[in-house]
Each structure stands twice: as C-alpha cells, then as structure tokens.
Amino acid sequence: MNAIQPEAAQPQAIYLKDYQAPAFWVDQVKLDVALDDHQTRVISTLSLRRNDQREAGLPLVLNGQGLTLKRIELAGQPLAETDYQYQEDLLTVARVPDQFTLVTEVEIDPANNTALEGLYKSNTMFCTQCEAEGFRRITFFPDRPDVLTRFTTRIEADQQRFPILLSNGNPIERGELDNGRHFVTWEDPFPKPCYLFALVGGNLQAVKDTFTTMSGREVALEIWVEPENLHKCDHAMRSLKASMRWDEQTYGREYDLDIFMIVAVNDFNMGAMENKGLNIFNSACVLAEPKSETDAAFQRVEGVVGHEYFHNWSGNRVTCRDWFQLSLKEGFTVYRDQSFSADMNSAPVKRIEDVAMLRTAQFAEDAGPTAHPVRPDHYIEINNFYTLTIYEKGAEVVRMMAELLGRERFRQATDLYFERHDGEAATVEDFVACMAEVSELDFSQFMRWYHQAGTPKIEASGHFDADARTYQLTLRQHTPATPGQADKLPLHIPVRMGLVGPNGHDLPLELNGEQLGTETVLHLREAEQTFTFHNIAAEPVPSLLRGFSAPVKLAFDYSREQLAFLMAHDSDGFNRWDAGQRLAVLALQHLVNQIQANEPLQLDPALIEATRTLLNGEMTDKAVLAEMLRLPSEAYLAEQYEQVDVDAIHKARSFARKALADALYDDFLRLYKVNQRVGDYAPEANQIAERSLKNTCLGYLMAREDEATIALTQEQFNCADNMTDQRAALTLLAHAEDPRLGAEPLRRFGESWAHDPLVMDQWFSLQVTRPQADALDRLKMLMAHPAFSLKNPNRVRALIGAFVGQNRVNFHRQDGQGYQLLADVVIELNRLNPQIAARLVIPLTRWKRMTSERQDMMKAQLERIRQESLSPDLFEIIEKALAA
Ligand code: B3K
Ligand code: ZN
C-alpha cells in the first residue's frame with residue numbers, strides 16, 4: 001500500500017488569490033506513536049466534520065508525504081482499496097458522511113530522515129519539526145494552519161533508551177509495558193494547527209524552575225537537554241522568565257498552560273520552533289556558558305528564547321490563516337523580540353545591529369532575483385519564504401505602525417487584536433484593521449508595504465533661504481522594479497526628523513503654522529513632497545530618518561563636514577552612528593576609486609580625525625562607541641554599488657583599518673588597556689560593552705601585525721577566562737597574514753574543545769573566514785575533517801555558510817573555484833536536506849551584481865545545478881535566479 005509516485009512533475013506555484021476555507025474541520029485528533037528508529041508506527045484517529053461554509057459533497061483530501069499506509073478505517077469500517085487513493089502526497093476519500101471518524105495507521109523511518117522535517121532522529125533522540133508542512137510526514141492530516149484541532153498524543157518507546165517522552169500540553173497518563181517499553185500520554189487543551197505539534201523522545205535531563213504569572217498561577221518551566229549540556233541552561237532559563245514577565249508587562253500577555261518546556265537538539269534547520277508548550281531549539285540558540293560561549297551567543301539565546309516564547313500569543317493563540325500571512329506572526333514576533341532585547345540590553349546598540357543587518361542582508365534580498373513582498377502572493381515551496389523580508393522587513397512594517405500609533409494606542413490595538421482573534425487563524429488585514437480602528441487612521445496606502453517588494457529610495461534635498469528664514473526639505477520616493485513587479489506606487493513613509501542648528505542643538509520646528517517641538521514625523525505619501533520650515537535663522541543640517549523610522553535607502557548630499565558635525569551633535573543616537581557610517585562609506589568609496597585607478601592609497605583625514613575624536617571623547621555608552629568604531633562591512637559596502645568589485649572593496653577596507661591603526665595606535669592601545677575587566681565574568685550589558693570595545697581596539701591594532709600587538713593577542717588567547725575574549729584573540733591570530741600565528745593556537749583550541757559541537761562550529765568558521773588566499777584550501781581540508789558532516793546543518797553553516805557569506809574575496813575567487821565548491825555542496829544537499837540546500841545557494845543567485853566574467857562563472861554553476869533532479873525548494877530558487 002505504498003504511495004504511487006508519478007514521474008517528477010514540475011513543481012507548481014500556489015496563489016494567495018486561490019485561498020479557500022477547508023472542506024473539513026478536525027475537532028479532535030488522537031495520535032498513538034510507537035517510536036522505532038526505522039519503523040515508527042503512527043495511528044491517528046481524526047474526528048472530522050464537514051465545513052458547512054463550503055460546497056456540499058466535497059471529497060475528503062488529506063496531506064501525507066512519504067507515509068507507508070498500513071490501515072485505513074472510516075467510522076470503524078476498513079476501507080476497500082477502491083474507496084480511497086493515495087498519490088502525489090494526497091490521500092483522497094471520495095465519499096464520506098458529514099461527520100465521522102477516520103483511523104489511519106502508517107509507518108515512517110525517522111532514522112533516515114535527513115531533511116529534518118517531520119519526525120527525525122538527532123543524535124540519540126527523536127524530535128519533530130512540523131512548520132511549515134512537516135506534519136504530513138508524520139500522519140495523514142489537513143496540513144494547513146487554518147485547521148485548529150485538540151491533540152491527545154500517546155507516545156511509546158523503549159524505556160531505557162528513551163526514558164523521557166514529551167509532547168504538547170499536560171501529561172495525563174504514563175505507564176510501563178512489556179518488552180522494556182513504556183508510554184506517556186499528553187493532552188493539549190488548546191486547539192492548534194498541526195504545524196505547532198511536537199514530540200520528543202530521548203535520554204534527557206532537565207533544569208527546572210517555576211514562574212508565577214500575573215494572575216498568580218504557577219507554571220512549571222523545564223529545559224531538557226542531553227546530560228552533558230546540563231550546565232549550559234541557566235541563561236536560557238533566566239531569559240525565559242524575563243520574557244514571560246516582559247510580555248505580561250509590555251503586552252499584558254499571560255502564559256496559558258501549566259507547563260512550558262524547551263528541548264535542545266543538535267540537528268535543526270532553523271534557530272528554534274515555537275511548538276505549543278514544547279519549544280524545540282537548535283542547541284546553538286539555547287545553550288550558553290561563559291567558558292564555551294561568547295557574549296554574542298548569550299544575546300542570541302536571550303533573543304531567541306524571547307522570540308519563541310512571544311509566539312505563544314503572536315502565532316499560537318492567534319495563528320495564520322494561510323502561509324501567505326507568515327509575516328503576521330513572524331514580523332510581529334521579531335518586532336516583539338527586538339523590543340525585548342532592547343529593554344534588556346543597550347537599546348541603541350540593538351537598533352544599530354538590527355538596522356545594519358537589514359540594510360545589508362535584507363536590502364540585498366530586495367535587490368536580487370528572490371525579492372518578494374512582506375506578504376507574497378504566490379510560492380512554490382513555502383520553506384523558501386522564511387526570509388529576512390518576511391522576518392526583518394516585516395518587523396519594520398510593524399514598527400512603523402507602532403510609530404504611527406504611539407505607544408499607548410499601539411498597545412490598545414494589539415490588545416484588540418489578541419482579544420478579537422484569540423483561538424483563530426487571522427490575516428494581515430485583521431491585524432491592520434485593529435491598528436486602524438484604534439487610531440482612526442487610514443491605512444489603505446500603508447498596506448502597500450505588504451504588497452510591494454523592493455527597497456524604496458528617498459532622495460532628499462534641502463534649501464535654506466536666509467532672507468525668508470525658511471528651510472525647504474524636498475523628499476522624492478521611488479521603489480525600483482523587482483521580478484514580477486515592474487511598476488510601484490508611492491508608499492506611506494514615516495520620516496522622523498529634526499533640524500540641527502549651528503550650535504549643535506535641534507531647532508524648533510514650525511511647519512504649516514504649527515509648532516512641532518524639536519522633532520517630528522513627516523508623512524511622505526506622494527512621489528515628491530516639499531516641507532517648508534519657518535523661522536529658521538541659520539542654515540541647519542537635517543537629521544533624517546531618525547531611529548531608522550522606515551526601511552528605506554535615504555540619499556542626501558551631506559558634506560564630510562556635515563557628517564562629522566552630525567556624528568558629534570545629533571540628538572538621535574542612531575543617526576550619530578549613521579553619520580559615522582556615511583562618512584566611512586565616503587572614505588572607503590574614495591579608496592575603491594583609487595584602487596581601481598591604480599593610484600596610491602590615502603585614507604580621508606576626516607575619517608581619521610572623527611575616529612580620534614571618538615577615541616578621546618566623553619562617550620559613556622561603550623557599546624555604542626564600539627559600534628561607532630566599526631567600519632561598514634564589506635557586504636554593506638557592496639550594497640552601495642550596482643556592480644560590485646569585491647577585491648577593491650576588501651582591499652580598501654583592509655587598508656583603512658591599517659591606516660586608522662597606524663594613525664591612532666596609542667589611542668587604541670590605551671582604550672584596550674583601560675577596558676580590561678577586574679572581577680568575575682558576567683554576560684551583562686556593561687561588561688559586554690567593555691569587551692566589545694576592547695576587542696574592537698585589539699582588532700585595529702592587529703591590522704598592523706606588529707610584534708607588540710601579536711604578543712598582546714597571544715596573551716589574551718592564553719589567559720582569557722571566557723570565550724568572548726579567547727575567541728576574539730584566536731580569530732585575529734587565525735586571520736593574520738602570517739599563517740604561522742594561528743597554527744598552534746588553532747591546534748590547541750581544536751583539541752581542547754573537540755567534545756563540544758558548538759565550540760567546534762566556531763573553530764571551523766573562523767578558519768574559513770580567513771581573508772587570505774589559502775582559505776579555499778583550508779575549507780576543502782576541513783570538509784574532510786572527521787567532525788564535518790553534511791547532515792548537520794550547524795556544521796554546514798559553520799563551514800560552507802561562513803565561507804560563502806563572510807569571506808567574499810575568497811568565495812568570489814577569480815578562478816571560480818568558490819562557486820564550483822558551493823555548487824558541489826548544494827547538489828549533494830539537494831538530496832539530503834533541500835531546505836538547507838536552497839538557503840545555501842542564495843549567494844550564487846546574486847550574479848547580476850558581479851563583474852561580467854564572474855557572472856558567467858556563477859551562471860554556469862547555476863545551470864549545472866539545474867541539470868539535477870531538483871527538490872521544489874531548490875527548483876524555485878534556481879528558476880528565479882536564471883530567469884533574472
Ligand atoms: N517559526 C519557526 C520557523 C519554522 C521554519 C520552517 N521552515 C521559528 C520562528 O520563527 O520562530
Ligand atoms: Zn518566529
């Protein structure tokens with residue numbers, strides 16, 4: 001009774017406009033899962049009921065992928081083979097009553113599931129990943145988010161190998177069976193879509209705690225890990241409790257079940273998953289301990305624990321009607337986790353980091369062949385749409401609405417949304433309707449943010465009229481064409497701004513006879529709009545898009561003096577940083593020009609002076625200072641060009657680092673020394689800031705590779721009592737031009753951490769991000785390392801992902817070997833793990849931005865991949881890349 005699989009047909013697109021409500025509801029599902037490595041048996045009992053909103057007499061159609069069907073019974077009677085059909089991943093029963101019970105028994109093979117979707121094995125444990133469409137790999141079901149069902153799950157397994165058996169909700173029964181097996185039954189009182197189902201079986205241990213909710217209920221908190229990781233859970237537990245309190249205080253959201261569990265697994269496609277009451281995490285996003293994890297890892301854990309916890313309301317209690325609405329839960333939840341992290345740490349730095357990421361990676365997505373709107377209108381493989389556009393740009397869209405409403409009304413609007421749609425599957429329109437209702441604002445033009453892909457560009461210009469005492473600010477907006485969307489309409493863009501007067505203070509703003517204080521939000525709605533400010537005595541410097549109030553590219557022809565002035569005086573911390581970035585971009589672009597013209601290189605003295613001022617200034621926020629000292633990344637610089645010269649950009653940036661270090665050696669050294677901590681390590685904001693500043697300084701000093709700095713770096717590597725400092729030093733040694741500097745430390749480090757996969761991921765990464773020409777050879781060597789496996793996504797990301805994404809000069813080697821290696825890996829991963837393959841290939845799809853010889857080599861590799869029998873994931877991406 002195996003599925004009949006026809007010859008691979010071309011994968012078809014699904015359209016938002018074709019949405020129809022489900023033909024059947026599932027009031028209840030009882031699952032009975034008998035775990036076995038290769039022959040797991042799943043018996044499901046579905047209580048089905050016809051949706052009376054749909055046409056009469058529709059057949060029952062259930063999803064099911066790769067299932068071996070053993071038994072099927074309708075209303076207690078076995079179905080004859082002529083009564084149903086199982087083909088092309090669909091089980092169809094033509095004639096069914098209006099209400100009935102369907103029992104199916106299937107067999108699946110978790111140990112051979114390398115796609116890591118559905119039920120699979122990671123090390124010695126069983127776990128699941130069902131979002132978006134993994135549940136159909138476990139049993140037959142209407143696998144769509146608008147079918148909400150009550151789940152009861154009985155799990156049985158060998159007691160010795162799998163003493164811990166977990167699922168969603170509360171445990172209601174457990175017992176021992178013959179043959180050394182046992183079972184536990186879980187019941188989830190909240191109806192949920194099947195993508196939130198989870199199941200875990202393993203030899204796990206837990207760190208336990210409790211949380212008392214705002215209404216006084218006690219919730220049991222458990223973090224389940226393999227025994228060797230028990231000492232790495234404290235930070236996640238602290239973060240969980242902080243998240244729970246924060247969501248009560250900030251959004252009035254209380255946790256609903258009596259137990260909340262997190263499980264750490266080593267093999268995971270994404271960061272984590274918000275399954276109801278049973279979050280499953282990539283171990284890299286939950287485990288953290290000072291000796292083995294860096295400050296960045298601690299912050300990642302806090303952010304991801306928060307994100308998944310916040311989904312309990314934004315995603316689980318109110319879920320999505322269909323996958324086109326993905327940003328409804330993801331954009332909103334990212335906005336929530338960003339605000340949470342901002343409250344827990346340095347808020348300006350959090351904003352700077354988020355924007356830096358958006359402006360490099362998301363803007364690049366917007367400008368490439370896979371560009372799509374925050375709410376796409378079609379897709380082939382939904383897993384390809386867990387993108388920066390859905391998540392990060394989606395969060396920016398929510399942030400703009402929060403900005404438009406103001407804190408209090410935004411809270412009223414989210415209260416209304418949670419209350420009105422609790423227990424429902426909602427749409428983006430439902431969410432925006434709550435914003436509109438509470439604020440009485442018109443969001444119809446704003447909705448274009450959800451429909452139009454691409455990064456809008458605002459060209460701003462100013463005109464000061466001394467006689468009339470006016471300052472005219474003209475804003476022109478334009479969104480470039482993206483695949484499938486040639487013409488764009490003007491968006492409603494909130495532009496937060498101020499005018500900085502010659503004394504460095506914000507001027508009072510008078511617009512259309514209205515006094516607006518010293519800062520205001522301009523509403524740009526037309527393609528071009530001019531705003532005239534009155535009573536302006538002297539020429540101001542405009543500070544535009546404060547706090548990055550909209551996800552756009554803003555161009556204004558600032559002079560270097562104006563940028564240095566804003567760097568020093570802008571009252572908006574974000575724009576002070578941004579002015580510094582703009583100044584650095586100008587200086588680096590100038591170097592790129594010199595390189596391309598074969599001229600001698602000279603770094604803009606204005607950048608040196610601005611940096612000197614920073615190093616000697618009064619800035620108290622060390623975390624912001626560290627950010628301000630950081631030069632724009634090569635990826636961000638690349639974004640400034642239509643046609644990217646990777647080698648020139650790399651050379652320019654390296655030259656600038658060295659030039660700054662030469663000119664400001666004493667200042668960097670002094671700051672490095674001043675920021676040596678006394679006392680015990682703690683992953684708390686002040687210390688994190690200090691380490692970040694110290695290691696940024698050391699990074700500059702090491703650009704010189706002089707003896708004194710080498711000694712300093714070696715000492716830091718040898719004596720550090722925490723991974724942040726140790727890894728910073730190791731990276732500098734391993735990236736040094738002289739390969740001998742890194743050799744011994746790398747060997748020692750690799751040996752002492754061989755037992756810890758998360759640290760080994762770092763060890764792999766920092767070797768292949770080495771900018772020198774031997775990086776590709778090292779990559780090949782490391783791929784042959786016994787600890788490397790294409791089956792582990794973290795390892796693949798640590799090695800191949802890091803090389804491709806963070807080592808631009810070497811990925812884009814002139815001989816094309818970087819491209820070839822990526823294509824080789826992608827072809828292999830296409831068979832093993834299509835999701836990871838489709839993600840990894842993205843840099844190759846951005847060929848259009850490269851110079852022509854590189855374009856040809858990149859396209860040749862894409863063509864080579866296309867020759868394979870492709871998964872829908874890869875098919876969709878490759879087709880888009882080659883159609884561009
Ligand atoms: N919702 C999950 C992502 C699932 C990915 C499916 N391919 C994690 C998150 O965003 O919280
Ligand atoms: Zn999420």
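Any value given below was found using the heavy atoms of this structure, including those in side chains, with hydrogens, waters and symmetry copies removed. Both counts, for ligands and for their atoms, begin at 1 and track the order of listing.
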- Item | atom 1 (N) of ligand 1: the protein heavy-atom neighbour that sits closest, reported with distance to 0.1 Å |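 Nearest protein contact, heavy atoms only, for atom 1 (N) of ligand 1 is E131 OE1, 2.6 Å.
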
- Item | Nearest protein heavy atom with distance in Å, relative to atom 8 (C) of ligand 1 | A272 O, 2.9 Å

- Quick one: does Q835 get within less than 4.0 Å of ligand 1, heavy atoms only?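 In this structure, Q835 qualifies as a contact of ligand 1 - some heavy atom is under 4.0 Å.
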
- Item | K329 contact mode with ligand 1 (heavy-atom cut-off under 4.0 Å) |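 It is the side chain that touches ligand 1; the backbone stays farther off.
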
- For ligand 1, which part of M270 has a heavy atom less than 4.0 Å away: the side chain, the backbone, both, or neither?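 The side chain, only.
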
Whether [Y] and [X] form a salt bridge (side-chain N of Lys/Arg under 4.0 Å from carboxylate O of Asp/Glu) is what I want to check.
| X | Y | answer |
| --- | --- | --- |
| K393 | E396 | no |
| E248 | R245 | yes |
| R136 | D89 | no |

- With the Zn ion (ligand 2) as the point of reference, which N/O/S atom of E330 is the closest? OE1

- Exam field: side chain S122 to backbone M125, donor-acceptor pair closer than 3.5 Å: no

- Examine distances only and state if a side-chain atom of E424 and a backbone atom of A426 form a donor-acceptor pair shorter than 3.5 Å. no

- Query: When only distance counts, is E308 in polar contact with ligand 1, meaning an N/O pair under 3.5 Å?
  - Reply: yes

- Query: Is there a nitrogen or oxygen of Y391 sitting under 3.5 Å from a nitrogen or oxygen of ligand 1?
  - Reply: yes

- Task: Determine whether the aromatic ring centres of F431 and F332 lie less than 6.0 Å apart.
- Result: yes

Go through ligand 1 atom by atom and flag the ones less than 4.0 Å from a non-hydrogen atom of [X].
| X | result |
| --- | --- |
| H311 | 9 (C), 10 (O), 11 (O) |
| N383 | 6 (C), 7 (N) |
| M273 | 1 (N), 2 (C) |
| E274 | 1 (N), 2 (C), 8 (C), 9 (C), 11 (O) |

- If you look at every heavy atom in D337 and G303, which pair is closest and at what distance? CB-O, 3.9 Å

- Item | Aromatic F190 / basic K276 pairing, under 6.0 angstrom, 45° off normal |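 Yes, a cation-pi geometry.
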
